[in-house]
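See structure below.
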Amino acid sequence: MKYPDFNQTIPIDEVGVEERVSRLNKRSIKKDSKIQALKMALSMIDHTTLEGSDSPGKVIQLCKKARQPHPAIPDLPTVAAVCVYPRMVSVAKKELKGSGIHVASVATAFPSGQAPLSQRLEDTKFAVEEGADEIDMVISRGAFLNGEFQLVFDEIAAVKEACGDAHLKVILETGELHTFENVRKASDIAMHAGADFIKTSTGKVSPAATQPVTLVMLEAIRDFYYDTGKMIGMKPAGGIRTAKQAIQYLVIVKETLGAAWLNKDYFRFGASSLTNDLLMQIVKQQTGHYQSLDYFSND
Amino acid sequence: MSNTETKEAAYKPTSPNSKLDFASVWEYAPAPQDSKFAEVKEQYDLFIGGKFVKPSKGRYFKSTNPATEEVITEFAEATQKDVDKAVKAARKAFEGEWSRISAKERGKYLYRIARMLQERAREFAVLESMDGGKPIRESRDVDIPLVAAYFFYYAGWADKLEYAFPGKKPEPYGVCGQIIPWNFPLLMLAWKIAPALATGNTVVLKPAETTSLTALKFAELVKDCGLPDGVINIVTGAGQTGSEIVNHKDVDKVAFTGSTNVGKIIQKSLAGTDKKYTLELGGKGAMLIFEDAPIDQAVEGIINAIYFNQGHVCCAGSRLLVQEGVADKVIQKLKDRLETLIVGDPLDKNTDIGAINSKEQFETVNKYLELGVEEGAEVYQSKCNIPDNGYFIRPTLFTNVSQSNRVVQEEIFGPVLTVQTFRTADEGIEKANNTPYGLANGVWTDKGSKIFKVGSKMRSGVIWANTYNKFDPTSPFGGYKESGVGREGGMHGLAAYIKN
Amino acid sequence: MAEERIDVKKTYKMYIGGDFPRSESGRTYKVFTSDDEFLANACQGSRKDFRDAVKIARGAFSGWSSRSAYNRGQILYRIAEMLEDRRDQFMRELGPIGFKTAEAEADINAAIDRCIYYAGWTDKYQQVFGSVNPVASSHFNFSMLEPTGVVAAFAPEKSPLLGLVSLIAPIIAGGNVCVILASEKYPLPAITFAEVLNDSDVPAGVVNILTGFREELAEHFSTHMDVNAMCYTDDLPKEMKKMIDENASLNVKRIVKRPVKDWYDEAVQSPYFVTDFQETKTTWHPVGF
């Protein structure tokens, strides 16, 4: 048999997960290791705008910020990707040409996923044709909670096929899955169905990314790696606004999966306001002065 | 559908033996805890009758920081005359002021101690780590907060004792002689002093000779709290001093925490007397990991069970018993987890495992490491860097061991875990109970009914189910069999200080 | 004139594992009335008899301790019923050893009532002395009592029935098993009580009663490594107490000293006599989804 029986539940103890996270949060990241972490976090950002009001103008500004986060510091990395709706992919693609920054697009009737599969696949193909390097899909949470694991699996596999060469990030929308066991199961389904990344949230549902949920997903990735040798990426998204949080996430990754995951190929932050907080902290580390947002562009 | 229908084979991982790499692209920079504000004097005297007094023979012994092997201060050696003085002071206080104070007011002194400890928590944490080698993360987040919590908890009991002993009129013994170990110096002091005072006793306490610093700092705090003279007396010294306390005629009750060997000596020397005693002794805790356990949390629980406080924990989960079906996975995960443990400077905020408490203990643990190999065990140690100076030992796993190995039977009191497997619950329980100890055991399974069954069959005073090494002032703690007599903590802990 | 009937005298043996064996040593000693007239031979239990009894008691521990509290209560009540039933027999045995009729009656009544007293505690002490502990972390934490295990005890010398019953009842009410050395001078009521136990649904091995000499057995009682607790109810000679206490340290035996002057005193019955032979077990479990 190629896949585990998804009807079997892998037990997860909530209190144990929270204790582990709180212990990891005790890591004190100072000096050089802090600067390194801040820059690493910056390089892992999927700089995101996913609003109904997004326009080419807004997306262009976002892309410019992505290319040049803060001109005052010369040796900054760029963010990993810009994440937009499918209709904005071509705008972003053009704006980011030559930068090495990927264009990621949410697809599959984001954020609810409540559209016929055919339309969701069309949505995906459209984004890919427009030039998206990465597709962020949502799973059918309703079907999942209804126990239709095979359906969820098949849909992910179908989207993966529609992606072609584009990387697939599978959004579990953990805020709607309610238990760690469900998060774990959805992670396993997604990875076995072909996800390149698993991602916590759309950012449209509360709670979005949390550290305990991220830890559970990283542990799923670890087991998948132990079992198959394949490395799957992780993307917490939504609610990560501060450099301090970002560093805590990096600690969790480092101590759960190790060095190989500490780069943008295997770890991303889905965020928008995080970028400037990272920049402020980097400047603070360099100058020793606490910073004001007035000195950082707000694109 | 018939049962004979050929079932599709279950999912089997392809097991490519994936190795995680923790040799990092991103190292944590040193994150030292500021320690300058924590004052250490060059020399400490005995605390008797509310005053710091010189030892009668004028002898002092040095105390070293086990992480640096540097001398940090020296403590007075209390001899028979000093102990006698301390017991007299305690008796005087018991018969005098302390008995005249109402229970309510007595409680308020304990509350005051709790509050004052909270105010100076960081200072005590730093000193505890410097003197004993435990990581600041633990002294800051576990030891000292619990110390304050124990005083706070027992403070409230002082004027409510009749509710703890239905049908009895609770009365204190009088003078309690208390001897505490070096693994949780101030916490063990709190476990002893808080219930003793709440019930109206007075105490003569001896901290361990390698870790007396926080006890004497505590004595300073007691002075600040304005406790009547002689209610708390602290005498320092080694085993001989302890023996003077145990054998002093005017001590009514002895409370000891330490090794089973010394516990037996104390029990023996109290033979034929009417002195009461409670003993908190050694252990060789087992953790049963069942196939249906939450494995990742279990692995973390194991780490917490054996590598907490360098494994210097009487209730440490030092024997891992894992069900065969998940043994490989658990061991693989454990080995990877070991690589992320940081061993080193106790005062670095990122340190997970600090220094072994003393040279003597360092040698003992190393002897067991050699012994394990001689007995044919496979050794796994993490590859982490350890400092050149000081007493450090890498977290260690022994696999391929059995019940007949000494490393499985004997309390090592260091960061050393033995790993065995079992097939059925009965076999696991039998192995867990196959020891003269009975302090604590762990069980990991997602099945509620199994927890209750296994928990009720394991013979120990504490059962940690799907968790390990948790402590709380409301929770009684103590052993079955050779792990001790009596309980400390919670309502049950009061009984140790009440005449029966 | 009818021939005088020769009555049939009872052979008093020990009670081990639900059987009534003689001492493996083959030894007996003479038991006398309070007027120094020969009454019967009692077995002089040996070190090996004690060893056998402990082994059997250990074997009975798991079953007895896992009986429901309700069931243990019923069995203790049943002991009371059977005691009541054998009242005459005890009257006949207590008389010759110095009990006046009224005293013997009072003794038997008190022994019966004591069984009932502890029968009632079996399913209650846990509620009174157990606790749910409000720990600060996300854990459910509770403490309950569990029996200490195998208890060895010296029964009181001067109260061969009531004292014995008062000693045994709280030990077994709490799920322990025991090996008791009967009153040395007046062992016969103990053996008759063993017959009561044997008729009362008490599982074999839960209570084992030896007869013999304290002086000979004290060392073995106190040094046995599979005995978890040792109890003496009389003030023993100083040296014997000291030896027992010292030997107890070999395996950290719990020593329960209960020198009782007056077994009729209501203060002699107490749930604390049950908890003296109990261990507190505290269990933690996370609380979460």
Side-chain angles (χ1 to χ4, degrees), chain A residues 1-6 8-20 22-24 26-37 39-40 180-181 184 188 192 215-216 218-220 222-231 247 250-251 253-263, chain B residues 7-33 135-138 140-141 290 292-301 303-304 328-329 332-333 336-337 339-342 348-352 444-447 465-468 470:
Chain A
M1 193 171 171
K2 265 178 97 178
Y3 314 114
D5 175 3
F6 296 121
Q8 299 269 325
T9 296
I10 292 177
I12 291 171
D13 182 69
E14 183 188 17
V15 175
V17 171
E18 278 160 5
E19 281 175 359
R20 177 71 183 124
S22 97
R23 177 159 175 183
L24 286 161
K26 299 267 168 70
R27 290 294 190 215
S28 174
I29 309 302
K30 303 278 181 217
K31 301 187 184 118
D32 292 353
S33 62
K34 184 166 186 181
I35 292 187
Q36 196 189 343
K39 289 183 177 173
M40 189 159 56
F180 287 128
E181 274 95 352
R184 169 68 198 234
D188 287 346
H192 281 281
L215 175 63
V216 168
L218 291 170
E219 287 171 345
R222 183 168 64 189
D223 280 334
F224 190 76
Y225 174 68
Y226 281 145
D227 287 355
T228 67
K230 275 189 253 171
M231 289 171 65
I247 293 173
L250 293 179
V251 167
V253 176
K254 172 182 157 73
E255 301 206 19
T256 308
L257 288 166
W261 268 263
L262 282 175
N263 55 64
Chain B
K7 273 200 343 212
E8 203 175 352
Y11 167 73
K12 277 264 190 288
T14 49
S15 295
N17 288 324
S18 311
K19 276 295 285 177
L20 294 176
D21 172 20
F22 293 99
S24 199
V25 294
W26 174 41
E27 298 290 356
Y28 303 146
Q33 161 69 47
I136 185 74
R137 182 179 60 80
E138 290 175 5
R140 180 196 65 201
D141 298 344
F290 285 92
D292 57 2
I295 298 291
D296 286 314
Q297 289 78 57
V299 168
E300 198 52 31
I303 295 292
N304 202 34
D328 290 346
K329 176 139 277 182
Q332 180 183 24
K333 289 188 170 193
D336 276 336
R337 178 68 178 90
E339 295 303 327
T340 63
L341 288 171
I342 299 170
D348 189 299
K349 292 172 191 166
N350 287 325
T351 293
D352 294 308
W444 295 81
T445 165
D446 199 41
K447 190 177 174 191
N466 291 324
T467 186
Y468 208 94
K470 292 283 182 294

ask   = In terms of side-chain geometry, is the basic nitrogen of B:D352 or A:K26 positioned less than 4.0 Å from the acidic oxygen of its partner?
value =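 Salt bridge flag = no for A:K26 with B:D352.
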message: Regarding B:D336 and A:R222, does a basic nitrogen lie under 4.0 Å from an acidic carboxylate oxygen?
response: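 No salt bridge links B:D336 with A:R222.
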Do you know the tightest heavy-atom contact between [X] and [Y]?
X: A:Q36; Y: B:V25; value: NE2-O, 2.6 Å
X: A:A259; Y: B:A23; value: CB-O, 3.7 Å
X: A:L262; Y: B:S24; value: CD1-OG, 4.3 Å
X: A:Y226; Y: B:L20; value: OH-CD1, 3.7 Å
X: B:P30; Y: A:K31; value: O-NZ, 4.3 Å
X: B:E27; Y: A:S33; value: O-CB, 3.0 Å

Which of [options] touches chain B most, by non-hydrogen pairs under 4.5 Å:
options: A:R20, A:M40, A:K34; result: A:R20
options: A:N263, A:L250, A:I10; result: A:L250
options: A:T256, A:V17, A:V216, A:V251; result: A:V251

**Request:** With side-chain contact (heavy atoms from CB on, under 4.5 Å) as the test, would you mind laying out the steps for B:E300 and A:D13 before giving the verdict?
**Result:** CA-CA 11 Å; B:E300 198 52 31; A:D13 182 69; over 6 Å; no
When you compare the side chain of B:I342 with that of A:R27, does any pair of heavy atoms fall below 4.5 Å?
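Yes; the side chains approach each other to less than 4.5 Å.
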Compare all side-chain heavy atoms of B:D296 with those of A:D223 and state whether any distance is below 4.5 angstrom.
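B:D296 reaches A:D223 side chain to side chain.
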Under 4.5 Å from any heavy atom of chain A - which part of [X]:
X: B:D348; result: neither
X: B:K19; result: backbone
X: B:A298; result: neither
X: B:K470; result: side chain
X: B:E339; result: neither

Given a strict heavy-atom distance threshold of 4.5 Å, which part of [X] is in contact with chain B: side chain, backbone, both, or neither?
X: A:I12; value: both
X: A:M231; value: neither
X: A:E19; value: side chain
X: A:V15; value: neither
X: A:L215; value: neither

Say you draw a straight line from [atom1] of [X] to [atom2] of [Y]; how long is it, rounded to the nearest 0.5 Å?
X: B:W26; Y: A:I29; atom1: CH2; atom2: CD1; value: 4.5 Å
X: B:Y28; Y: A:E255; atom1: OH; atom2: CD; value: 3.5 Å
X: B:Q297; Y: A:E18; atom1: CD; atom2: CD; value: 10.5 Å

Worksheet item: What residues form a side chain to side chain contact (heavy atoms under 4.5 Å, CB included) with A:S28, not counting sequence neighbours?
Response: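 A:S28: side chain to side chain contact (heavy atoms under 4.5 Å, CB included) contacts with A:K30, B:A31, B:K349, B:N350.
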Test side-chain hydrogen bond (donor to acceptor under 3.5 Å, both in side chains) applied to A:E181 - qualifying residues, sequence neighbours left out: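 Here no residue qualifies.
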Quiz item: Around B:D21, counting heavy atoms of other residues, nucleotides and ligands shown, do more than 12 lie under 6.0 Å from its CG?
Solution: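 More than 12 heavy atoms, drawn from other residues, nucleotides or ligands, come within 6.0 Å of this atom.
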